[in-house]
Amino acid sequence: MPSETEVPAGQIRPADSGGRDAFPHRHLLSIAHLKPWEIRFLLDEAEHWVGVNRGAAQKHDDRLAGLTQINAFFENSTRTLLSFEIAGKRLGADVVNMHAAQSSVKKGETLIDTAVTLNAMHADVIVIRHGSSGAVQLIADKVDCPVLNAGDGWHEHPTQALLDALTIRRRRGFIEGQIVTICGDVLHSRVARSNMLCLAALGAQVRVVAPPTLMPAAVECMGATPYTRFDEALAGSDVVMMLRLQNERMDGAFIPSPREYHALYGLTPERLAIAKPDALVMHPGPMNRGVEITSGVADDPDRSAITEQVEMGVAVRMACLDVLTRSARGVEGWT
Amino acid sequence: MPSETEVPAGQIRPADSGGRDAFPHRHLLSIAHLKPWEIRFLLDEAEHWVGVNRGAAQKHDDRLAGLTQINAFFENSTRTLLSFEIAGKRLGADVVNMHAAQSSVKKGETLIDTAVTLNAMHADVIVIRHGSSGAVQLIADKVDCPVLNAGDGWHEHPTQALLDALTIRRRRGFIEGQIVTICGDVLHSRVARSNMLCLAALGAQVRVVAPPTLMPAAVECMGATPYTRFDEALAGSDVVMMLRLQNERMDGAFIPSPREYHALYGLTPERLAIAKPDALVMHPGPMNRGVEITSGVADDPDRSAITEQVEMGVAVRMACLDVLTRSARGVEGWT
Amino acid sequence: MPSETEVPAGQIRPADSGGRDAFPHRHLLSIAHLKPWEIRFLLDEAEHWVGVNRGAAQKHDDRLAGLTQINAFFENSTRTLLSFEIAGKRLGADVVNMHAAQSSVKKGETLIDTAVTLNAMHADVIVIRHGSSGAVQLIADKVDCPVLNAGDGWHEHPTQALLDALTIRRRRGFIEGQIVTICGDVLHSRVARSNMLCLAALGAQVRVVAPPTLMPAAVECMGATPYTRFDEALAGSDVVMMLRLQNERMDGAFIPSPREYHALYGLTPERLAIAKPDALVMHPGPMNRGVEITSGVADDPDRSAITEQVEMGVAVRMACLDVLTRSARGVEGWT
């Protein structure tokens, strides 16, 4: 585990940045758009904030003072919203939440009109969660400020993948060559999608496990190997990443019942024993204990990294908010 | 268009202030209570904030630091709430939102008890939105701090009228003598009401167009001329202000159908051609595209001022929050 | 009434602190855990904030700057949330609200997982409201920071009892020996429970009045004397504290009807005349006017302390937030 304060934010020119003067993206919409060094740069920046957040003293940093951050959540997500809100406030931004449930969207306004409205209020950074894939891109095209994707439909959830990568890197020391097994409803999971892309880019060997009805076509294109039998995928795994089973799919067409799902794809201590002896257990939360994961595994202090994922989430989001607003603040990416 | 930073906030004694030492109102409840010079003074103050908000540097101003602004919204309105919240936070206030959906109101508390409660928490300024005309006045009577009306029933929405006037003044250079046509559900519109009063006070010639079922009696008393045929009203107009058709009136007693409404009162490029060649198009948002306005008109970069209205909204609200809290902050209105 | 600014926050070592160096509790979960001197210490601290909040000048104090306060409300309560939010913001904290209605709780997450999540985000103080007795204790056991109970089930609501005690002390000069009558649905009331414990600890003589169906067993253990006839309890009372009749109990098993309840247990001017001539009237709000209390009593400027209770609420919460975060901030409790 690297020393937590060794990386001063924004002070390091990545070795493989190819002569770039700064992080070369205006928005953070997906992992698919990021080069490996760009992912690593964001992880390095996040390390700085892990140290700040853990410090007993001042967690507050005023680098975003005077900037307006709008969190526009068209889909409820308490955890992600909380994480982005805390991240922005710790950086000194004026953070404003827009809840879809009370919004003009309900009055029939188009998404583009909402985007144009937020832009006209001179937002400096907009964080968006939306139920439709591509909606965040649509908004990003219409505004003058950086946009962060906080999850869009089945598409991507880039900060989740970054926090997962940071967690693995800190707990295992490195990512390259790690065998990471992702298990659950891969088909409908933006978390799985962003993680496959991110981990493959960083050199991990990614396996995905899902019931046949919940396995997308062509996971190989995202750098992953598909499995239908959980035990096969587990053998030799360094990391086991369980996905949340959405309530709306718990019965009906996709799976016979939560009980049967648990029998085939739930992570139990017995099943975890098939993976490497020190394999890490991860879950994006909130967990359905007894469905996709048992308490014995989730609460194992040595193996489970689930609460550390939450912690890394705030640090990663602080890094992204900082990096993406640098050019507007007249700050160079690295010096 | 005037230079955006020419007016330092609070530094200008209006020529026709009649020897007053400061803005002479404690609350901003309606346009009907304001004299023309008072309206112009608020618009001049808002110009200052337009410049600040557009500046690349620090948008934050700490003049309301230490003051508590409570936004008590008894009726949902994402845009207006967002605009007031951003305005208050940019001025450094501690901004707290009270959402009616979660409030004591649901528990049967009287409006006066709610007012007394907010006052006892030592609010320094209260922004209120309420579904009943006069509710804001009732609250203002019971509290020790300035109250801003963010829309009450069919009565008034003064900051909307101010931001509309500011938009017109900036785009057309002046308001006096401008022919402004307001079209839509005038009967139920506090936006129309406040605009008629504001524009008439500033010397504009105001025309209102509505289906006979949605035209209030005695618009002449508010300084406007009524029309039932849209095309007649459009002829010679400098500004066309479309009102939002509320969903709840879209079918049933008031109008036959959205389609028929569109045919008679929707603003299309063809119809806009009847107005002056450089006529400005305005809409308070959110728009029902294809009902009261077509996309061809709404998105016309030269003619539409709709996104500028949103921008002016934040500036106007910053000006109102600043001006109304001056006496509590020990600041003179002008020097 | 003591001079409001005589007590500089955190500067007074209580005479009976028994040589302690600081307030000896990490959390504020209940009144039952507090010794009389600890209650008095919190009231003395709150006096400081009453003075600050009433001051015309700066109400803002930055002692919690850089700290993250999470208000996790699993049960709606606009007033209490508003009070804690204002208290935290006035102290400079980064305040974040988590609303249960939008939360992971709805997704089946366990309470402990929610606690662990909030903790992993490095909250510095967590304020919790929950519908189940004991839920707040459960969360407090799982986190590294101070937890404040903002009401849990039928158990306790300690800051409400503190603000009530402060109100009585300021209006009557002292609490010892005062006869305080609490009337209403005592069985389901955490307000009644915390008040019985708090007032008894401070030496008051507490009487509780309730319909037989709404009187808990063994109120004597909490230091109170039970009555079923309101008039008997009122005779000689210095303070009459009315409880809110919850809507969900207004008809059905517990009481015949609001009208009959009012006849037997509603506080009217006639009934108040039975108490001491200068008896104080209190209510935690929101009131059901005409049910448990009439307007004639609630609005009596000399007798009613209801709005003062709201005011004291903010001051008491500022004191609790300040005191509980002292050790994390490296500040001694008193010097």
Side-chain angles (χ1 to χ4, degrees), chain B residues 62-74 76 81 85 88-89 91-128 139 141-146 325-331, chain C residues 49-50 52-62 73 75-93 95 97 99-102 244-248 250 258 283 285-291 295 298-299 304-315 317:
Chain B
D62 272 332
R63 68 184 64 195
L64 262 59
L67 301 196
T68 302
Q69 171 188 335
I70 301 182
N71 299 324
F73 274 53
F74 298 89
N76 278 340
L81 176 58
E85 190 176 352
K89 286 183 170 169
L91 294 172
D94 294 327
V95 183
V96 179
N97 294 333
M98 192 190 106
H99 298 288
Q102 323 154 331
S103 88
S104 308
V105 179
K106 287 275 166 75
K107 297 187 182 170
E109 188 178 55
T110 68
L111 193 59
I112 287 175
D113 283 343
T114 303
V116 168
T117 297
L118 299 181
N119 193 52
M121 293 180 182
H122 292 290
D124 297 290
V125 57
I126 302 179
V127 179
I128 299 174
I139 291 175
D141 290 345
K142 293 289 172 185
V143 301
D144 300 315
C145 70
T325 57
R326 276 181 195 166
S327 104
R329 289 182 287 127
V331 177
Chain C
W49 299 111
V50 176
V52 170
N53 287 336
R54 287 192 177 175
Q58 273 289 342
K59 279 198 291 273
H60 207 86
D61 182 294
D62 272 331
F73 275 52
E75 199 183 62
N76 278 339
S77 169
T78 308
R79 282 161 167 265
T80 308
L81 177 58
L82 214 56
S83 187
F84 270 110
E85 190 176 352
I86 289 175
K89 286 183 170 169
R90 284 201 183 141
L91 294 173
V95 183
N97 295 332
H99 299 287
Q102 323 153 333
R244 173 180 171 72
L245 188 63
Q246 308 288 325
N247 288 323
E248 58 270 32
M250 275 207 194
H283 189 294
M287 291 183 274
N288 296 303
R289 287 166 177 264
V291 182
S295 290
D299 301 334
S304 170
I306 295 171
T307 59
E308 199 173 332
Q309 287 174 275
V310 177
E311 184 189 10
M312 294 305 117
V314 177
R317 280 146 194 155

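Chain naming here is simple, since letters A, B, ... match the order of the sequence lines and numbering starts at 1 in each. If you're wondering where the values come from, they're calculated on a predicted model, not measured in any experiment.
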How long is the span from the [atom1] atom in [X] to the [atom2] atom in [Y], to the nearest 0.5 Å?
X	Y	atom1	atom2	result
B/T110	C/M287	OG1	CE	6.5 Å
C/L82	B/T68	CG	OG1	10.0 Å
C/L81	B/M98	CG	CE	11.0 Å
C/E311	B/H122	CD	NE2	3.5 Å

For the student: nearest non-hydrogen atoms of C/R90 and B/A123, plus distance: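 The answer is NH2-N, 4.3 Å.
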Beyond-backbone contact of B/V96 with C/K89, side-chain heavy atoms, under 4.5 angstrom: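 Heavy-atom side-chain distance check passes, below 4.5 Å.
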Selection from B/V116, B/N119, B/D113 maximising heavy-atom pairs under 4.5 Å formed with chain C: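 Most pairs with chain C among the choices: B/D113.
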Partner chain C: residue of B/L118, B/I70, B/T117 with the largest heavy-atom pair count (under 4.5 Å):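 Looking at each option in turn, the highest pair count goes to B/T117.
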